[in-house]
2 protein chains.
Amino acid sequence: MNDRPTRIPQYQYLYESLRQQIIRGDFKSGDLLPSEKDLQNQFRLTQPTIRQALGLLVQDGYIRKHQGKGSIVQPLPIGLGVMSIVGRLANTANASRTERMTTAILTKPKLHTFPDDFLFTPTEDDTKAGFYFLERLRAVEEEPVFFEKIILPNRYLPGFSRQRLENRSLFDLLRTKYGLLVKGGEQKVLAVAADGDLARLLSVPIGNPVLRLDKRLDTNRPDFSFYSSLYARTDRYILHGRF
Amino acid sequence: MNDRPTRIPQYQYLYESLRQQIIRGDFKSGDLLPSEKDLQNQFRLTQPTIRQALGLLVQDGYIRKHQGKGSIVQPLPIGLGVMSIVGRLANTANASRTERMTTAILTKPKLHTFPDDFLFTPTEDDTKAGFYFLERLRAVEEEPVFFEKIILPNRYLPGFSRQRLENRSLFDLLRTKYGLLVKGGEQKVLAVAADGDLARLLSVPIGNPVLRLDKRLDTNRPDFSFYSSLYARTDRYILHGRF
DNA sequence: TGCAACAACTTATTATAATAAGTTTCAGAT
DNA sequence: ATCTGAAACTTATTATAATAAGTTGTTGCA
């Protein structure tokens, strides 16, 4: 019905449109969003489509819905939203606040077997194909905040080891070069004491508590998941998420 | 269309029905669920309703859907699923595996001001009304696993301090007695070193890394949220979740 | 004044229908 | 034997429609 590039579904367009209005402050915390009926008229869409978009806003914590009342705008997350445990759009949603964040690649991608201290088990097919392994250190204002190991199965990724990752998000690379989108996954979190290597990387005393967050990231390809093991200083930057 | 008590929506009934089949093993990891068309015929429901139920199964990680292919059953989470960071039905879904888990109330509910080391800020109205404060210690096989402080606004909760909480889930009490359902919330997670009190409670050496998980839990009442601050030993039981 | 009942709003659930788009399979051509 | 492409299947998107159910405000009665 629109002359926009019909690539993007209407409900996603509406979601993004409302989300921007909330972020810009057009709707403030505590406000009621226009009713579903109003949104129908305004955007020339029907109720199911409207509700699909509002459902996404609920999932991401921007609004809460109450039957008979309306959609209540929630306060925006405070603080530096750098690290999000959950959240469908975590990486893109927080991109605007990562200006001062730098990423250093410590290990160029190279083939490796699956690390045995990892909290997930890869599929048999993945194990046979081997894995790319890379490490990166992220810092805010020159101060190291988290250290991450990433393990990618050596499948569907021709020429991966030749890619540059310095100033490019791994997620962007996977999306633009290989058509891979992260759709969800599983995570495990625990508190560990920093050993020598980790303490040096994160500039904390040996034995200091450090947060470890292991993830399996599932993609739009049913048989392709990859893995990440993240060690974070949480004395300054806290991980947060919704549920 | 059914003679079941029409209280529960069809999509929830279907969700639970399929979930049980997956848990029982009728559908195994890697299997394809019946197509949406088949489910329509089988349950006498239409596609949107089917899809709503399948959407919940995706959210909770039981299946993954792929356009043109079908709904792929995922492996059930391994290990003791006691502690879930995220998950809409975390408390009920894991109830079956908590046989050996015990809960001790360390502090009877009493009125208090909002603790200042907490990572969330309550609303102004809540602050004026004051808060109930209670502490509990959870153990598996006599071994302490996590210690939790719970803070509830002193509103809508007549007679709360007289309630017994020993062998009863707080969530059950809130639901049955006060009609309050947890619908979602926000969480912040960090690694801390155990101080004297905490080390004693969790039976770990002072200075050991401990995971701290603070939550704001939103309920079906728009103006009622409560708070939890949880300290967990993660050397033995890891927190996990989906995103 | 106080309260009960109702009207007018809201979101929630469900059905029906049509079309788009991705994956699999297999027949047929090369 | 291998590749091409169409057919048949799948899920995804969107529209239209009707009814249920929760919330708010108002009207009018006691």
Side-chain angles (χ1 to χ4, degrees), chain A residues 1-2 4-16 18 30-59 63-73 88 156 179-181 183-184 219-224, chain B residues 1-2 4-16 18 30-59 63-73 88 156 179-181 183-184 219-224:
Chain A
M1 299 309 140
N2 262 330
R4 286 179 302 96
T6 180
R7 285 286 153 216
I8 173 175
Q10 307 266 24
Y11 73 91
Q12 280 185 24
Y13 175 80
L14 175 56
Y15 162 80
E16 199 52 37
L18 291 172
D31 284 359
L32 283 179
L33 239 48
S35 79
E36 299 185 352
K37 192 116 200 88
D38 288 346
L39 291 174
Q40 285 182 50
N41 296 330
Q42 191 178 331
F43 287 89
R44 316 302 310 162
L45 297 169
T46 55
Q47 206 200 15
T49 308
I50 303 286
R51 289 178 61 75
Q52 206 168 349
L54 294 181
L56 292 179
L57 289 171
V58 169
Q59 232 182 291
I63 64 171
R64 293 180 63 189
K65 303 171 101 264
H66 272 275
Q67 187 175 0
K69 194 166 187 193
S71 302
I72 306 158
V73 177
R88 210 170 28 76
Y156 309 120
L180 290 169
L181 285 171
K183 306 277 273 190
T219 68
N220 53 343
R221 223 188 280 259
D223 55 349
F224 187 86
Chain B
M1 296 312 140
N2 262 332
R4 285 178 303 95
T6 177
R7 286 285 153 219
I8 174 175
Q10 307 267 23
Y11 73 90
Q12 279 184 27
Y13 175 80
L14 175 58
Y15 162 80
E16 199 51 38
L18 292 172
D31 284 358
L32 283 180
L33 240 46
S35 78
E36 298 185 352
K37 192 113 198 94
D38 289 345
L39 291 174
Q40 285 182 50
N41 296 330
Q42 190 178 333
F43 287 88
R44 316 300 309 161
L45 296 169
T46 54
Q47 205 200 16
T49 308
I50 303 285
R51 289 178 60 75
Q52 206 167 348
L54 294 181
L56 292 180
L57 289 172
V58 169
Q59 232 182 290
I63 63 170
R64 293 180 65 190
K65 303 171 100 262
H66 272 275
Q67 187 174 359
K69 192 164 186 195
S71 302
I72 306 157
V73 177
R88 206 171 29 78
Y156 310 119
L180 290 169
L181 285 171
K183 306 276 272 187
T219 69
N220 53 342
R221 222 188 281 263
D223 54 350
F224 187 86

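Not measured: the values here are computed from a predicted model. Chain naming here is simple, since letters A, B, ... match the order of the sequence lines and numbering starts at 1 in each.
Spacing between atom CZ of Arg64(B) and atom P of dA12(D) amounts to 12 Å, rounded to whole angstrom units. Between the CG atom of Leu54(A) and the P atom of dA12(C) there is a distance of 9 Å, rounded to whole Å. Spacing between atom CD1 of Ile72(A) and atom C1' of dT24(D) amounts to 13 Å, rounded to whole angstrom units. Atom CZ in Arg44(B) sits about 22 Å away from atom P in dT13(C), given to the nearest Å. As rounded to whole Å, 18 Å separates atom C1' of dT13(C) from atom OH of Tyr15(B). Look at CG on Leu57(A): it is 13 Å from P on dT11(C), rounded to the nearest Å. Rounded to whole angstrom, the span from the CG atom of Asn41(A) across to the P atom of dC9(C) amounts to 13 Å. One can place CD of Gln40(A) at 9 Å from P of dT16(D), the figure rounded to the nearest angstrom.
Atom-to-atom distance recorded for Gln12(A):CD and Gln52(A):CD is 8.5 Å, nearest 0.5 angstrom. Expressed to the nearest 0.5 Å, how far CG of Leu45(A) lies from CD of Glu36(A) amounts to 12.0 Å. Rounding to the nearest 0.5 Å places CZ of Arg64(B) at 6.0 Å from OG1 of Thr219(A).
Within the 4.0 angstrom heavy-atom criterion, only backbone atoms of the sugar-phosphate kind lie near Leu45(A); the bases stay farther away. Nucleic acid contact for Thr49(B): sugar-phosphate only, since backbone atoms but no base atoms lie under 4.0 Å from a heavy atom of the residue.
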- Going through the distances and angles, do Leu54(A) and Leu18(A) end up as a side-chain contact (heavy atoms from CB on, under 4.5 Å)? CA-CA 9 Å; Leu54(A) 294 181; Leu18(A) 291 172; 4.0 Å; yes
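Nearer the 5' end of DNA chain D, as judged by each residue's closest nucleotide, is the contact made by Ser35(B), out of Ser35(B) and His66(A). Of the two residues contacting DNA chain C, namely Gln47(B) and Gln12(B), the nearest-nucleotide position lying further toward the 5' end is that of Gln12(B). Summary of the strand contacts: Lys69(B) and Asn220(B) both lie near DNA chain D, and taking for each the nucleotide with the nearest heavy atom, the more 5' one is attributed to Lys69(B). Comparing Ser71(A) and Pro48(A) along DNA chain C, the residue whose closest nucleotide (by nearest heavy atom) sits nearer the 5' end is Ser71(A).
Across dT13(D), dT11(D), dT13(C), the shortest atom-to-atom separation from the side chain of Gln52(B) is found for dT13(C). Among dT10(D), dG22(C), dT11(C), the nucleotide with an atom closest to any side-chain atom of Gln67(B) is dG22(C). In the set dT14(D), dT13(D), dA12(C), the nucleotide with an atom closest to the side chain of Glu36(A) is dA12(C). Closest to the side chain of Pro9(B), from the set dA12(C), dT14(C), dA15(D), is dT14(C).
Contact annotation: Tyr11(A) does not reach the phosphate of dT14(D) (side-chain N/O to OP1 or OP2, under 4.0 Å). Phosphate proximity of dA12(C) to Arg51(A): present, with a side-chain N or O under 4.0 Å from OP1 or OP2. In terms of phosphate contacts, Thr46(B) brings no side-chain nitrogen or oxygen within less than 4.0 Å of OP1 or OP2 of dT14(C).
Listed for the Asp31(B) side chain is no donor-acceptor partner under 3.5 Å among the backbone atoms of Val73(B). Of the possible donor and acceptor atoms, none in the side chain of Arg221(A) sits under 3.5 Å from a partner among the backbone N and O of Gly179(A).
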